Amino acid sequence: MIVVMKQGSTQAQVAHVIKLVQEMGLKEHVIVGTERTVVAVIGNDRFKDRTALETVDGVDKVVPILAPYKMASKEVKKERSLVPLMLPDTARVGGTKVQVIAGPCSVESEKQLLEIAHAVKEAGATGLRGGAFKPRTSPYAFQGMGEKGLEILAKAREETGLAVVTEVMAVDQVALVAKYADVLQVGARNMQNFNLLNAVGEQPKPVLLKRGLSATLDEFLLAAEYIMSRGNHNVMLCERGIRTYEEYVRNTLALAAVPELHRVSHLPVVIDPSQGTGKSYLVDSMCRAAVAAGADALIIEVHNDPEHALTDGAQSVTCGQFAEMMKAMRRIAAAVDREA
Ligand code: PEP
Ligand code: MN
(Lines give C-alpha, C1' and ligand atoms only; values in the text may rest on other atoms or scores of the structure.)
(Ligands and ions follow the chains in the order given, each with its own letter.)
Protein backbone atom coordinates (compact mmCIF):
# COMPACT_ATOMS: atom_id res chain seq x y z
CA MET A 1 0.00 0.00 0.00
CA ILE A 2 0.96 3.61 -0.36
CA VAL A 3 0.22 6.17 2.34
CA VAL A 4 -0.32 9.60 0.83
CA MET A 5 0.21 12.40 3.38
CA LYS A 6 -1.80 15.61 3.29
CA GLN A 7 -0.29 18.76 1.85
CA GLY A 8 1.48 20.50 4.73
CA SER A 9 1.69 17.39 6.91
CA THR A 10 4.42 17.70 9.54
CA GLN A 11 7.60 15.67 9.94
CA ALA A 12 6.26 14.38 13.25
CA GLN A 13 3.13 13.07 11.50
CA VAL A 14 5.25 11.30 8.86
CA ALA A 15 7.43 9.84 11.64
CA HIS A 16 4.30 8.55 13.39
CA VAL A 17 3.10 6.84 10.19
CA ILE A 18 6.53 5.22 9.79
CA LYS A 19 6.33 3.96 13.38
CA LEU A 20 2.89 2.41 12.73
CA VAL A 21 4.12 0.79 9.51
CA GLN A 22 7.09 -0.72 11.34
CA GLU A 23 4.81 -1.96 14.12
CA MET A 24 2.92 -3.88 11.41
CA GLY A 25 6.15 -5.71 10.64
CA LEU A 26 6.64 -3.81 7.37
CA LYS A 27 9.23 -1.43 5.98
CA GLU A 28 8.76 2.10 4.74
CA HIS A 29 10.18 4.00 1.81
CA VAL A 30 9.57 7.74 2.15
CA ILE A 31 9.31 9.86 -0.95
CA VAL A 32 9.32 13.61 -0.33
CA GLY A 33 7.70 15.35 -3.27
CA THR A 34 7.46 19.07 -3.98
CA GLU A 35 3.86 19.18 -2.75
CA ARG A 36 3.36 16.10 -0.60
CA THR A 37 5.13 13.29 1.11
CA VAL A 38 4.28 9.68 0.26
CA VAL A 39 5.14 6.64 2.39
CA ALA A 40 5.41 3.50 0.27
CA VAL A 41 4.93 0.41 2.41
CA ILE A 42 7.24 -2.46 1.51
CA GLY A 43 6.40 -6.08 2.31
CA ASN A 44 3.31 -8.26 2.18
CA ASP A 45 0.61 -6.02 3.58
CA ARG A 46 -2.27 -7.98 2.04
CA PHE A 47 -3.71 -8.99 5.36
CA LYS A 48 -2.88 -5.81 7.28
CA ASP A 49 -5.65 -3.44 8.21
CA ARG A 50 -5.00 -0.35 6.13
CA THR A 51 -7.96 1.46 7.69
CA ALA A 52 -5.80 1.76 10.80
CA LEU A 53 -3.63 4.24 8.87
CA GLU A 54 -6.45 6.06 7.09
CA THR A 55 -7.59 8.13 10.06
CA VAL A 56 -4.14 8.98 11.43
CA ASP A 57 -3.39 12.73 11.63
CA GLY A 58 -1.70 14.05 8.51
CA VAL A 59 -2.79 11.13 6.29
CA ASP A 60 -4.82 11.98 3.22
CA LYS A 61 -5.45 8.49 1.86
CA VAL A 62 -4.09 4.97 1.74
CA VAL A 63 -3.94 3.30 -1.66
CA PRO A 64 -3.86 -0.52 -1.70
CA ILE A 65 -1.55 -2.17 -4.21
CA LEU A 66 -2.11 -5.86 -3.53
CA ALA A 67 -5.54 -7.45 -3.90
CA PRO A 68 -7.09 -8.27 -0.49
CA TYR A 69 -7.60 -11.90 -1.55
CA LYS A 70 -4.71 -14.24 -2.17
CA MET A 71 -5.61 -17.80 -3.18
CA ALA A 72 -8.25 -16.52 -5.60
CA SER A 73 -5.81 -14.04 -7.10
CA LYS A 74 -3.84 -14.22 -10.31
CA GLU A 75 -0.87 -12.76 -8.49
CA VAL A 76 -0.49 -16.14 -6.80
CA LYS A 77 -1.51 -18.53 -9.60
CA LYS A 78 -1.05 -17.38 -13.19
CA GLU A 79 -2.64 -20.26 -15.10
CA ARG A 80 -6.42 -20.62 -15.25
CA SER A 81 -7.94 -23.17 -12.90
CA LEU A 82 -9.97 -26.07 -14.24
CA VAL A 83 -12.84 -27.05 -11.97
CA PRO A 84 -14.49 -30.45 -12.46
CA LEU A 85 -18.27 -30.57 -12.67
CA MET A 86 -18.17 -34.09 -11.35
CA LEU A 87 -15.58 -35.99 -9.29
CA PRO A 88 -13.51 -37.82 -10.35
CA ASP A 89 -12.80 -35.39 -13.17
CA THR A 90 -15.20 -35.43 -16.06
CA ALA A 91 -16.32 -32.22 -17.70
CA ARG A 92 -14.14 -29.38 -16.54
CA VAL A 93 -15.03 -25.73 -16.33
CA GLY A 94 -12.27 -23.33 -17.35
CA GLY A 95 -11.00 -24.96 -20.55
CA THR A 96 -11.74 -24.56 -24.23
CA LYS A 97 -15.20 -26.04 -23.97
CA VAL A 98 -17.97 -23.80 -22.69
CA GLN A 99 -19.81 -26.05 -20.25
CA VAL A 100 -23.56 -25.62 -20.07
CA ILE A 101 -25.53 -26.38 -16.93
CA ALA A 102 -29.26 -26.37 -17.59
CA GLY A 103 -32.47 -27.31 -15.85
CA PRO A 104 -35.40 -25.92 -13.93
CA CYS A 105 -35.17 -23.30 -11.25
CA SER A 106 -36.70 -25.83 -8.82
CA VAL A 107 -37.22 -29.55 -8.78
CA GLU A 108 -41.02 -29.86 -8.80
CA SER A 109 -41.62 -33.57 -9.47
CA GLU A 110 -39.82 -36.61 -10.80
CA LYS A 111 -41.68 -36.43 -14.08
CA GLN A 112 -40.83 -32.73 -14.56
CA LEU A 113 -37.14 -33.09 -13.76
CA LEU A 114 -36.54 -36.26 -15.78
CA GLU A 115 -38.23 -34.83 -18.83
CA ILE A 116 -36.13 -31.66 -18.66
CA ALA A 117 -32.92 -33.56 -17.85
CA HIS A 118 -33.24 -35.78 -20.91
CA ALA A 119 -34.05 -32.79 -23.11
CA VAL A 120 -31.09 -30.68 -22.00
CA LYS A 121 -28.75 -33.65 -22.23
CA GLU A 122 -29.94 -34.30 -25.76
CA ALA A 123 -29.28 -30.64 -26.64
CA GLY A 124 -25.70 -30.83 -25.32
CA ALA A 125 -25.72 -29.71 -21.68
CA THR A 126 -23.13 -31.29 -19.37
CA GLY A 127 -24.66 -30.23 -16.06
CA LEU A 128 -28.17 -30.34 -14.63
CA ARG A 129 -29.41 -27.59 -12.35
CA GLY A 130 -32.47 -27.70 -10.08
CA GLY A 131 -33.10 -26.32 -6.62
CA ALA A 132 -34.30 -28.62 -3.86
CA PHE A 133 -33.85 -25.94 -1.19
CA LYS A 134 -35.04 -22.58 -2.50
CA PRO A 135 -34.18 -19.17 -1.03
CA ARG A 136 -37.50 -17.37 -1.61
CA THR A 137 -38.20 -13.73 -0.92
CA SER A 138 -41.56 -14.64 0.61
CA PRO A 139 -41.93 -17.30 3.31
CA TYR A 140 -45.28 -18.24 1.72
CA ALA A 141 -43.74 -19.08 -1.67
CA PHE A 142 -42.74 -22.64 -2.68
CA GLN A 143 -39.64 -23.50 -0.66
CA GLY A 144 -38.48 -26.53 -2.65
CA MET A 145 -38.91 -30.28 -2.23
CA GLY A 146 -35.98 -30.73 0.16
CA GLU A 147 -34.39 -34.19 0.34
CA LYS A 148 -37.01 -35.70 -1.97
CA GLY A 149 -35.85 -33.18 -4.59
CA LEU A 150 -32.24 -34.28 -4.08
CA GLU A 151 -33.24 -37.92 -4.62
CA ILE A 152 -34.91 -36.98 -7.89
CA LEU A 153 -31.78 -35.09 -8.99
CA ALA A 154 -29.66 -38.18 -8.23
CA LYS A 155 -32.03 -40.31 -10.29
CA ALA A 156 -31.73 -37.87 -13.20
CA ARG A 157 -27.93 -38.12 -12.97
CA GLU A 158 -28.16 -41.91 -13.09
CA GLU A 159 -30.30 -41.77 -16.21
CA THR A 160 -28.43 -39.04 -18.08
CA GLY A 161 -24.90 -38.84 -16.69
CA LEU A 162 -25.34 -35.09 -16.16
CA ALA A 163 -23.53 -33.52 -13.19
CA VAL A 164 -26.00 -32.27 -10.58
CA VAL A 165 -25.68 -28.63 -9.46
CA THR A 166 -27.96 -27.68 -6.58
CA GLU A 167 -28.15 -25.06 -3.87
CA VAL A 168 -27.24 -25.47 -0.24
CA MET A 169 -28.72 -22.77 1.99
CA ALA A 170 -27.46 -23.58 5.45
CA VAL A 171 -24.51 -25.10 7.29
CA ASP A 172 -26.65 -27.94 8.64
CA GLN A 173 -27.66 -28.91 5.06
CA VAL A 174 -24.12 -29.21 3.70
CA ALA A 175 -23.61 -32.92 4.45
CA LEU A 176 -27.02 -33.85 3.06
CA VAL A 177 -26.70 -31.81 -0.14
CA ALA A 178 -23.09 -32.97 -0.67
CA LYS A 179 -24.31 -36.58 -0.47
CA TYR A 180 -26.45 -36.11 -3.59
CA ALA A 181 -24.94 -33.19 -5.52
CA ASP A 182 -21.86 -33.00 -7.72
CA VAL A 183 -21.56 -29.24 -7.31
CA LEU A 184 -22.83 -27.24 -4.34
CA GLN A 185 -24.36 -23.91 -5.27
CA VAL A 186 -24.07 -21.07 -2.78
CA GLY A 187 -26.82 -18.61 -3.68
CA ALA A 188 -26.52 -14.87 -4.14
CA ARG A 189 -28.29 -14.21 -0.86
CA ASN A 190 -25.76 -16.34 0.97
CA MET A 191 -22.60 -14.98 -0.63
CA GLN A 192 -21.58 -13.41 2.66
CA ASN A 193 -22.85 -16.18 4.91
CA PHE A 194 -19.33 -16.77 6.15
CA ASN A 195 -20.19 -19.86 8.20
CA LEU A 196 -21.68 -21.47 5.10
CA LEU A 197 -18.64 -20.49 3.01
CA ASN A 198 -16.39 -22.13 5.59
CA ALA A 199 -18.57 -25.24 5.66
CA VAL A 200 -18.54 -25.74 1.88
CA GLY A 201 -14.81 -25.08 2.00
CA GLU A 202 -14.37 -28.04 4.34
CA GLN A 203 -16.06 -30.62 2.11
CA PRO A 204 -14.68 -32.00 -1.17
CA LYS A 205 -17.39 -31.22 -3.75
CA PRO A 206 -16.82 -28.28 -6.15
CA VAL A 207 -18.68 -25.06 -5.34
CA LEU A 208 -20.58 -22.68 -7.62
CA LEU A 209 -20.49 -19.37 -5.78
CA LYS A 210 -23.00 -16.76 -6.88
CA ARG A 211 -22.28 -13.06 -6.69
CA GLY A 212 -24.38 -11.24 -4.09
CA LEU A 213 -27.03 -8.84 -5.35
CA SER A 214 -25.03 -5.84 -4.20
CA ALA A 215 -21.54 -7.27 -3.80
CA THR A 216 -18.48 -5.66 -5.33
CA LEU A 217 -16.08 -7.92 -7.22
CA ASP A 218 -13.60 -7.64 -4.34
CA GLU A 219 -16.25 -8.84 -1.89
CA PHE A 220 -17.16 -11.63 -4.32
CA LEU A 221 -13.53 -12.75 -4.55
CA LEU A 222 -13.12 -12.53 -0.79
CA ALA A 223 -16.12 -14.86 -0.45
CA ALA A 224 -14.32 -17.29 -2.80
CA GLU A 225 -11.22 -16.83 -0.65
CA TYR A 226 -13.18 -18.04 2.40
CA ILE A 227 -13.96 -21.31 0.64
CA MET A 228 -10.42 -21.75 -0.69
CA SER A 229 -8.80 -20.88 2.63
CA ARG A 230 -10.58 -23.91 4.13
CA GLY A 231 -8.94 -26.20 1.59
CA ASN A 232 -11.46 -26.43 -1.25
CA HIS A 233 -9.93 -24.88 -4.37
CA ASN A 234 -12.66 -26.04 -6.74
CA VAL A 235 -14.59 -22.79 -6.82
CA MET A 236 -16.49 -21.33 -9.78
CA LEU A 237 -17.51 -17.67 -9.75
CA CYS A 238 -21.04 -17.10 -11.01
CA GLU A 239 -22.18 -13.66 -12.15
CA ARG A 240 -25.99 -13.62 -11.94
CA GLY A 241 -26.73 -9.93 -12.21
CA ILE A 242 -26.72 -7.20 -9.63
CA ARG A 243 -29.43 -4.92 -8.30
CA THR A 244 -29.55 -1.53 -9.94
CA TYR A 245 -32.17 1.21 -10.42
CA GLU A 246 -33.13 -0.39 -13.72
CA GLU A 247 -36.54 -2.05 -13.89
CA TYR A 248 -36.82 -3.51 -17.38
CA VAL A 249 -34.78 -6.49 -16.18
CA ARG A 250 -34.94 -8.34 -12.87
CA ASN A 251 -31.20 -7.86 -12.36
CA THR A 252 -28.55 -6.08 -14.40
CA LEU A 253 -26.24 -8.72 -15.85
CA ALA A 254 -22.71 -7.40 -15.48
CA LEU A 255 -21.02 -9.14 -18.40
CA ALA A 256 -17.87 -7.06 -17.99
CA ALA A 257 -17.33 -9.15 -14.86
CA VAL A 258 -16.18 -11.99 -17.13
CA PRO A 259 -13.02 -10.34 -18.52
CA GLU A 260 -12.44 -8.42 -15.29
CA LEU A 261 -12.59 -11.56 -13.10
CA HIS A 262 -10.32 -13.33 -15.60
CA ARG A 263 -7.91 -10.42 -15.31
CA VAL A 264 -7.61 -10.60 -11.54
CA SER A 265 -8.38 -14.25 -10.76
CA HIS A 266 -7.56 -17.72 -12.09
CA LEU A 267 -10.99 -19.09 -11.13
CA PRO A 268 -13.50 -19.98 -13.86
CA VAL A 269 -16.40 -17.63 -14.48
CA VAL A 270 -19.95 -18.83 -15.02
CA ILE A 271 -22.79 -16.66 -16.32
CA ASP A 272 -26.41 -17.06 -15.22
CA PRO A 273 -28.46 -15.20 -17.84
CA SER A 274 -31.73 -16.37 -16.24
CA GLN A 275 -31.48 -14.68 -12.83
CA GLY A 276 -29.41 -12.11 -14.75
CA THR A 277 -32.36 -10.85 -16.80
CA GLY A 278 -35.55 -12.34 -15.37
CA LYS A 279 -36.99 -12.51 -18.90
CA SER A 280 -36.91 -15.67 -20.99
CA TYR A 281 -36.75 -13.67 -24.24
CA LEU A 282 -33.47 -12.02 -23.16
CA VAL A 283 -31.70 -15.24 -22.21
CA ASP A 284 -30.62 -16.30 -25.70
CA SER A 285 -28.86 -13.00 -26.50
CA MET A 286 -27.13 -12.94 -23.12
CA CYS A 287 -25.89 -16.50 -23.63
CA ARG A 288 -24.33 -15.54 -26.94
CA ALA A 289 -22.80 -12.41 -25.43
CA ALA A 290 -21.45 -14.37 -22.47
CA VAL A 291 -19.77 -16.91 -24.74
CA ALA A 292 -18.30 -14.12 -26.86
CA ALA A 293 -17.02 -12.41 -23.70
CA GLY A 294 -15.15 -15.55 -22.64
CA ALA A 295 -17.45 -17.12 -20.03
CA ASP A 296 -16.23 -20.57 -18.98
CA ALA A 297 -19.73 -21.91 -18.43
CA LEU A 298 -23.39 -20.94 -18.43
CA ILE A 299 -26.13 -21.93 -16.02
CA ILE A 300 -29.52 -21.62 -17.66
CA GLU A 301 -33.08 -22.16 -16.40
CA VAL A 302 -35.01 -24.50 -18.69
CA HIS A 303 -38.55 -25.75 -18.07
CA ASN A 304 -40.85 -28.15 -19.92
CA ASP A 305 -43.85 -25.96 -19.04
CA PRO A 306 -42.64 -22.46 -18.05
CA GLU A 307 -46.18 -21.09 -17.74
CA HIS A 308 -46.87 -23.47 -14.88
CA ALA A 309 -43.44 -23.46 -13.26
CA LEU A 310 -43.54 -23.17 -9.46
CA THR A 311 -40.58 -20.76 -9.50
CA ASP A 312 -39.03 -18.42 -12.07
CA GLY A 313 -41.25 -19.42 -15.01
CA ALA A 314 -40.91 -15.98 -16.62
CA GLN A 315 -37.17 -16.38 -17.05
CA SER A 316 -37.21 -20.07 -18.02
CA VAL A 317 -36.77 -21.04 -21.64
CA THR A 318 -38.54 -24.11 -23.06
CA CYS A 319 -36.66 -27.28 -23.91
CA GLY A 320 -37.11 -26.48 -27.61
CA GLN A 321 -35.77 -22.96 -27.22
CA PHE A 322 -32.82 -24.31 -25.26
CA ALA A 323 -31.90 -26.72 -28.07
CA GLU A 324 -31.94 -23.83 -30.57
CA MET A 325 -29.86 -21.67 -28.20
CA MET A 326 -27.23 -24.39 -27.95
CA LYS A 327 -26.84 -24.37 -31.71
CA ALA A 328 -26.35 -20.60 -31.73
CA MET A 329 -23.89 -20.80 -28.85
CA ARG A 330 -21.82 -23.35 -30.75
CA ARG A 331 -21.49 -20.96 -33.64
CA ILE A 332 -20.39 -18.14 -31.35
CA ALA A 333 -18.01 -20.46 -29.51
CA ALA A 334 -16.37 -21.53 -32.77
CA ALA A 335 -15.92 -17.86 -33.73
CA VAL A 336 -13.89 -17.24 -30.55
CA ASP A 337 -11.88 -20.48 -30.75
CA ARG A 338 -13.98 -22.33 -28.22
CA GLU A 339 -16.45 -25.21 -28.27
CA ALA A 340 -19.88 -25.47 -26.72
C1 PEP B 1 -31.35 -19.86 -8.61
O2 PEP B 1 -30.32 -20.25 -9.20
O3 PEP B 1 -32.49 -20.28 -8.86
C4 PEP B 1 -31.17 -18.80 -7.61
C5 PEP B 1 -32.02 -18.66 -6.60
O6 PEP B 1 -30.08 -18.04 -7.85
P7 PEP B 1 -29.52 -16.71 -7.10
O8 PEP B 1 -28.97 -17.19 -5.79
O9 PEP B 1 -28.48 -16.24 -8.05
O10 PEP B 1 -30.67 -15.76 -6.96
MN1 MN C 1 -34.25 -19.33 -10.20
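In each ligand, atom 1 is the first atom listed, and ligand 1 is the first ligand listed. Quick caveat, the model's predicted, so the values are computed rather than measured.
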Main chain of Gln321, side chain of Glu324: is a donor-acceptor contact present, judged purely on distance under 3.5 Å? no
Would you tabulate the side-chain donor-acceptor contacts of residues 23-31 under 3.5 Å, counting partners in other chains and residues two or more places apart, or write 'none'?
| from | atom 1 | to | atom 2 | distance (Å) |
| --- | --- | --- | --- | --- |
| Glu23 | OE2 | Lys19 | NZ | 3.2 |
| Glu28 | OE1 | Gln22 | NE2 | 3.0 |

Taking Gly94's backbone N and O only, do any of them form a donor-acceptor pair with Arg80's side chain (distance below 3.5 Å, no angle check)? no
Please indicate whether Lys111 has more than 12 foreign heavy atoms, meaning atoms of other residues, nucleotides or ligands, lying under 6.0 Å from its NZ. no
Tightest non-hydrogen contact, residues Glu219 and Ser214, listed as OE1-O, 4.1 Å
Does atom NZ of Lys279 have more than 12 heavy-atom neighbours, drawn from other residues, nucleotides or ligands, at distances under 6.0 Å? yes
Verify the distance criterion only: is there a donor paired with an acceptor across the side chains of Thr126 and Gln99 at less than 3.5 Å? yes
Residues sharing Val83's hydrophobic cluster, by side-chain heavy-atom contacts under 4.5 Å among ILVMFWY, directly or via others? Leu85, Val93, Ile101, Val165, Val183, Leu208, Met236, Val270, Ile299
Is any protein N, O or S atom closer than 2.8 Å to the Mn ion (ligand 2), and if so, which? Cys105 SG, Glu301 OE2, Asp312 OD2
Ligand 1: protein N/O within less than 3.5 Å of ligand N/O:
| from | atom 1 | to | atom 2 | distance (Å) |
| --- | --- | --- | --- | --- |
| ligand 1 | 2 (O) | Arg129 | NH1 | 2.8 |
| ligand 1 | 2 (O) | Arg129 | NH2 | 3.3 |
| ligand 1 | 2 (O) | Gln185 | NE2 | 3.1 |
| ligand 1 | 2 (O) | Lys210 | NZ | 3.1 |
| ligand 1 | 2 (O) | Gln275 | NE2 | 3.3 |
| ligand 1 | 3 (O) | Arg129 | NH2 | 3.0 |
| ligand 1 | 3 (O) | Lys134 | NZ | 3.0 |
| ligand 1 | 3 (O) | Gln275 | NE2 | 3.4 |
| ligand 1 | 3 (O) | Glu301 | OE2 | 3.2 |
| ligand 1 | 6 (O) | Lys210 | NZ | 3.1 |
| ligand 1 | 8 (O) | Ala188 | N | 2.8 |
| ligand 1 | 9 (O) | Lys210 | NZ | 3.0 |
| ligand 1 | 9 (O) | Arg240 | NE | 2.6 |
| ligand 1 | 10 (O) | Arg189 | NH1 | 2.8 |
| ligand 1 | 10 (O) | Arg240 | NH2 | 2.8 |

When you measure from the side chain of Lys134 to the backbone of Cys105, do you find a donor-acceptor pair of N or O atoms at a distance under 3.5 Å? yes
